[in-house]
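To keep things clear, I will list the structure first and then write my remarks on it.
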Amino acid sequence: LAREFLVNLPFKLTDSQIKALKEIQQAMAAPHPMHRLLQGDVGSGKTVLAAAAALSAVEAGYQAAFMAPTEILARQHFQTLLKLTRPLGLEPILLAGSLPEAEKNKAREKLATGKARLVVGTHSLFSASVKFKALGLAVIDEQHRFGVAQRLALKSKAERPDMLVMTATPIPRSLALTLYGDLDLSIIEGLPPGRSPIKTKVFTPTDREQAYDLLAQEVSMGGQAFVVAPRIEPKDDEVENGEDLSAAEDLFKFVSSTVLPQAKVGLLHGRMNAEDQEKVLESFHQGRTRVLVATTVIEVGLDVPGATVILIESADRFGLAQLHQLRGRVGRGDKSARCFLVSSRMDNLSTQRLEIVAGTNDGFVLAEEDMKLRGPGDAAGIKQSGMPKLTWARLPEDLPLLLQARDLAREMIAKDPEHALPEFRLVREVVDQLDEMIQGELIEAG
Ligand code: ADP
Ligand code: MG
């Protein structure tokens with residue numbers, strides 16, 4: 001199945017993709033469960049690898065689950081898989097929170113009986129009501145968006161499923177080891193051939209108009225554009241500062257009435273219901289909608305090859321990695337793409353930060369910079385997951401020490417699988433604490 005799938009693709013995998021896929025498939029074939037992190041920059045082509053891995057699992061008689069952090073992304077992945085696997089005689093199913101209860105029940109039953117072999121979903125795949133007949137592979141897309149607790153919850157679904165965790169916010173290697181010391185690492189280097197680098201430009205608040213002029217120009221020349229707002233409604237203090245543009249709804253009015261009154265402009269945010277979201281996205285995909293004003297719901301994963309421009313309002317309020325991620329929504333086709341970062345502040349420090357993003361298209365470089373600026377927890381977006389700040393280590397300087405520590409830890413575990421030696425006392429205490437924390441989070445997460 002996996003081989004046929006790859007042959008049917010409209011493109012050839014890059015050498016780096018092939019290498020990563022081989023590592024994944026070898027690890028899946030090994031007698032112990034795979035726990036692997038697949039890293040690759042935005043647009044590097046992780047989805048097809050995950051799909052091929054899923055087919056390997058299916059082919060071996062197991063089920064594969066593909067989990068995305070948002071419903072928008074789950075539906076997009078579902079459509080992609082549907083298209084790609086139908087010719088192989090597979091019927092992937094979707095399990096998402098907004099589906100009618102009857103459909104959800106049907107999906108659950110298909111998973112429990114093993115009739116469905118490939119499922120795409122959101123975190124609803126974790127809920128206790130979902131039982132698998134034989135889950136062989138769990139793919140978790142955009143890992144940084146899920147808490148550690150959710151990862152463990154899915155892991156506990158079958159006895160020992162293989163797990164492939166994917167992230168497009170490249171995590172610096174040192175941090176990956178600290179956070180995911182239990183995961184092996186596969187990396188896709190570079191992007192598929194034929195992509196031209198995204199040209200990024202920083203605008204101060206006084207130059208804002210210029211950014212919109214350029215955007216209007218691109219759109220009138222046949223391009224499609226994203227305009228990103230930091231949040232849906234302005235906070236009180238921002239209204240006072242006159243920064244009401246930060247509200248997606250206001251921004252939508254501004255773009256559709258002032259910037260591009262002749263063009264079809266759409267609005268997308270997380271509080272719309274799934275059906276409306278899908279309609280808006282569909283229209284943008286088909287090119288009828290020329291400009292999509294959106295909140296950060298579009299941050300990860302969205303794949304609209306016709307989009308060539310993205311303008312990010314109040315860009316100074318985003319992390320560098322997040323900006324890179326947002327920027328990755330454009331430049332996915334063969335046309336050249338541009339990104340406009342509009343700062344809400346005049347001060348030099350804000351613009352300097354944004355210039356770092358403008359200066360490189362390499363997500364790994366930005367991830368390192370982000371970590372230096374904001375600290376490890378913030379950079380990886382795992383602060384909410386109860387991950388403590390590092391007290392003793394400094395990243396990335398302490399990478400060699402971390403590697404040594406991990407090797408020692410593995411040695412200790414191999415020597416004493418029961419963890420009975422006194423050296424393990426402290427470790428056991430920490431594990432117990434983490435356990436409690438995770439249980440707490442699971443309860444909180446319902
Ligand atoms: P990400 O790694 O950010 O999840 P995707 O998997 O969404 O990226 O891939 C981005 C786009 O690149 C998709 O449209 C996908 O079909 C395409 N793609 C993936 N691999 C290749 C390749 N080897 N050659 C050309 N296009 C590719
Ligand atoms: Mg992706």
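When a ligand or atom number is given, it counts from 1 through the structure's own listing order. Values reported hereafter were calculated over all heavy atoms of this structure, with side chains retained and with hydrogens, waters and symmetry mates removed.
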Would the distance check show the side chain of Gln224 and the main-chain N or O of Thr289 forming a donor-acceptor pair, the cut-off being under 3.5 Å? yes
Output every pair passing ring pair (Phe, Tyr, Trp, His ring centres under 6.0 Å) with a member in residues 2-32, not counting sequence neighbours, ordered by first then second residue. none
Which pairs, with at least one residue in residues 87-122 and sequence neighbours excluded, count as a ring pair (Phe, Tyr, Trp, His ring centres under 6.0 Å)? none
Side chain or backbone, does Pro193 bring an N or O within less than 3.5 Å of an N or O on ligand 1? no
Heavy-atom contacts with Val42 under 4.0 Å: which atoms of ligand 1 show up? List them by number with element. 3 (O)
Mind running side-chain hydrogen bond (donor to acceptor under 3.5 Å, both in side chains) on Ser98 and Arg75 for me, showing each step along the way? CA-CA 11 Å; Ser98 75; Arg75 284 172 186 268; 3.0 Å; yes
Heavy atom of Gly43 under 4.0 Å from ligand 1? yes
The atoms of ligand 1 lying under 4.0 Å from a heavy atom of Asp303, numbered in the order shown, are 13 (C), 14 (O)
For Arg288, is there an ion pair with Glu282 - N to carboxylate O distance below 4.0 angstrom? no
Determine, considering heavy atoms only, which of Arg195, Gln17, Met166 sits nearest to atom 17 (C) of ligand 1. Arg195
Could you tell me, atom by atom, which parts of ligand 1 come under 4.0 Å of a heavy atom of Lys12? 22 (C), 23 (N), 24 (N)
Suppose I only count heavy atoms of Arg332 and a 4.0 Å limit; which atoms of ligand 1 are within that range? 3 (O), 5 (P), 7 (O), 8 (O), 10 (C)
With the side chain counted from C-beta on, respond yes when Leu214 and Phe203 share a heavy-atom pair under 4.5 Å apart, and no when they do not. yes
Atoms in ligand 1 with a heavy atom of Thr14 nearer than 4.0 Å: 23 (N)
Flag the pair Glu101 and Arg108 as a salt bridge only when some basic side-chain nitrogen lies within less than 4.0 angstrom of an acidic carboxylate oxygen. yes
So the atoms of ligand 1 within less than 4.0 Å of a heavy atom of Ser44 turn out to be 2 (O), 8 (O)
Applying a 4.0 Å heavy-atom criterion (strictly less than), which segment of Thr47 is in contact with ligand 1: side chain, backbone, both, or neither? both
